2 protein chains.
Amino acid sequence: MAQADHGRTRILDAAAYTLRHKGLTGAKLSDIAKRAGMLAPSIYHHFPSKDHLVEEVMMEGIYHNNRHIMAQVEGLGSSASPIVRLRAAVVAHVDFLLTGDDYSSAVARVFDDLPDEMRKRVLAAYSSFDNYWRDLIVAAQRDGSANQALDPTVVRKFLIAMLDSCSSWYRPGKLSPAQIAEQAADMLLYGIAVERT
Amino acid sequence: MAQADHGRTRILDAAAYTLRHKGLTGAKLSDIAKRAGMLAPSIYHHFPSKDHLVEEVMMEGIYHNNRHIMAQVEGLGSSASPIVRLRAAVVAHVDFLLTGDDYSSAVARVFDDLPDEMRKRVLAAYSSFDNYWRDLIVAAQRDGSANQALDPTVVRKFLIAMLDSCSSWYRPGKLSPAQIAEQAADMLLYGIAVERT
DNA sequence: GTCTATAATCAGATAGAC
DNA sequence: GTCTATCTGATTATAGAC
C-alpha cells in the first residue's frame, strides 16, 4: 500500500469501485479509466483485456475479505467457543463490506454475471472461503451450541447472501456499520422471534 | 392462463426465463425470441423496446409474488398470530421462488442492474410489497413475539436478500423446495444458535 | 506510459416484403 | 404477425505517434 497510486493498483482500485457501483456490463472501460485518471486504451498497457482486469479484482476481493475475517476470528484466541467464533465472522464480514472495501463489494455485485469460464475459476478460489464458513457452522453444531436440524450448506448459502446484500442497500444514517453488523449477528444467531413457539 | 401461448404472453414468459438465467445484459433479444419461437425483430410487433419488455416482466414478477404471499398469509384466517403470519410469508416466498416462477426470480436477478429510471418505477411498485413485510415484522414486535431490539427495516432488507438468493443456488437433490422453505423459516425465526449466550 | 486515431464486433432497433 | 436485410450506436480492442 506504500505505493497506492502506482499505475496498476490505481486501475485495479478504479475497477473495483466502478464494478461495485455499476455492475459488470455497466462498468465501461472508459469509466474505469476516467476514475484512474487516464483514457481507456491506456489500460491495455497494464492489462491484456477487461476480463483479465475484472478477474484480478475478483481474486483480490476474495482474498482481502477472507484474510480479514480469518484474522478477526483467529484473533479471538483458542479459548473462544465455536458460536463466539461464528458471531465474530458475521460481524467481521458485514463490517468489512460496509467500511468501504470496494473489492469485496464488487465480488458480491458482479459474481453472478461473470462469463462461465471465469466464474468457475473465481468460484474455485472462493471455495476455501466457503469451507471456512462451513467449518465454523459445523463446529458450533457439534458443540451443541447451534441447531443441528439445520443443513450446514443451506445455512451457509442463506447466511452469505444475507450478509453480502448489505453493501447494496446500506446508506450511512441512523445506524452505523458496526450497529448493522450487530443486528445481523443477533438476527442470525438468535432469530427474529423471542422464543420458540 | 387459458391462452398461454398467445404471442405477447409467450414472449413475456421467454423473457422472464432468459432474464432469470442470464441476467439483464446477458439476455439478448435474440435469446428471448428464440425461446419464444421467433426471431428478434418480431418482438417489436408486441413491445416497443427491450426496456419495455423487461419492465413488464419486473412488474409481473412483483405482483405475482406479492399476490401469492398475501394469499397464503391471509388464508391463515384472522386468528393467526403475527409470528405465525410472518413464518407463513417466509415459507410462501421461498416456495414460490423454488417452485418455478421465472418472473419473480428474474426480479431478484436483474433488479440491481436496471437503468436508473426504470429501477425507480419498479421500486415504487415494490414498495407496497415492502410495506407488507414491514407490517408483518412490526406486528410481531408489538405483539411481543419478535425481538424489539431489531430494526424493522434492517430485518426486512436482510430477510428479503436472504430469501431471494435461493433461486440462484438451489438445485433439486437432497432437499425439496418445501424443506428449504422450512429451513429458512427456522433460521430466520429462531436463529442458528440453540440458546442466547 | 499515455495519447489520438481507428478497427472490429455486437446488439438494439427500423424498413419494408410477404 | 413474422420474416430478411440493414442501420445505428456503443464498446472493446489495436496501431502507432509522442
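Fair warning: this is a prediction, and the values are worked out from it, not measured in the lab. All chains are named by letter (A, B, ...) in the order of the sequence lines, taking the proteins before the strands, and each is independently numbered beginning at 1.
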Side chains of B/L189 and B/I83 in contact at under 4.5 Å (non-hydrogen atoms): yes
If you define the side chain from C-beta out and look only at heavy atoms, does anything of B/H46 sit under 4.5 Å from B/L53? no
Presence of [X] side-chain N/O under 4.0 Å of [N] phosphate oxygens OP1/OP2:
X: B/S42; N: D/dG1; answer: no
X: B/R10; N: D/dT2; answer: yes
X: B/H45; N: D/dC3; answer: no

Looking at A/D151 and A/R156, does any basic side-chain N land under 4.0 Å from a carboxylate oxygen? no
NZ/NE/NH1/NH2 to OD/OE distance under 4.0 Å, A/D13 and A/R10: no
Separation of atom [atom1] in [X] from atom [atom2] in [N], rounded to whole Å:
X: B/R8; N: D/dG1; atom1: CZ; atom2: P; result: 11 Å
X: B/I43; N: C/dA11; atom1: CD1; atom2: P; result: 14 Å
X: A/H52; N: D/dT12; atom1: NE2; atom2: P; result: 16 Å
X: B/I32; N: C/dA11; atom1: CD1; atom2: P; result: 12 Å
X: A/L29; N: D/dA13; atom1: CG; atom2: P; result: 7 Å
X: B/Y44; N: D/dG1; atom1: OH; atom2: C1'; result: 16 Å
X: B/M38; N: D/dG1; atom1: CE; atom2: C1'; result: 8 Å
X: A/K28; N: C/dC10; atom1: NZ; atom2: P; result: 15 Å

Counting heavy atoms from C-beta on, name the nucleotide in [options] closest to the side chain of [X].
X: B/L39; options: D/dC3, C/dT2, C/dG12; value: D/dC3
X: A/S49; options: C/dA11, C/dT14, D/dA13; value: D/dA13
X: B/K50; options: D/dT12, D/dA5, C/dG12; value: C/dG12
X: A/P41; options: C/dG12, C/dG1, D/dA15; value: D/dA15

Geometric class of the B/W133/B/H93 ring pair [parallel <30°, tilted 30-60°, perpendicular >60°]: perpendicular
Would you call the rings of B/F111 and B/Y126 parallel, tilted or perpendicular, taking 30° and 60° as the class edges? tilted
Axis-to-axis angle across the helix from C/dG1-D/dC18 to C/dC18-D/dG1, five pairs an end, to 10 degrees? 0°
Consider only side-chain N and O atoms of B/S49 and B/H52, and report whether a donor and an acceptor are under 3.5 Å apart. yes
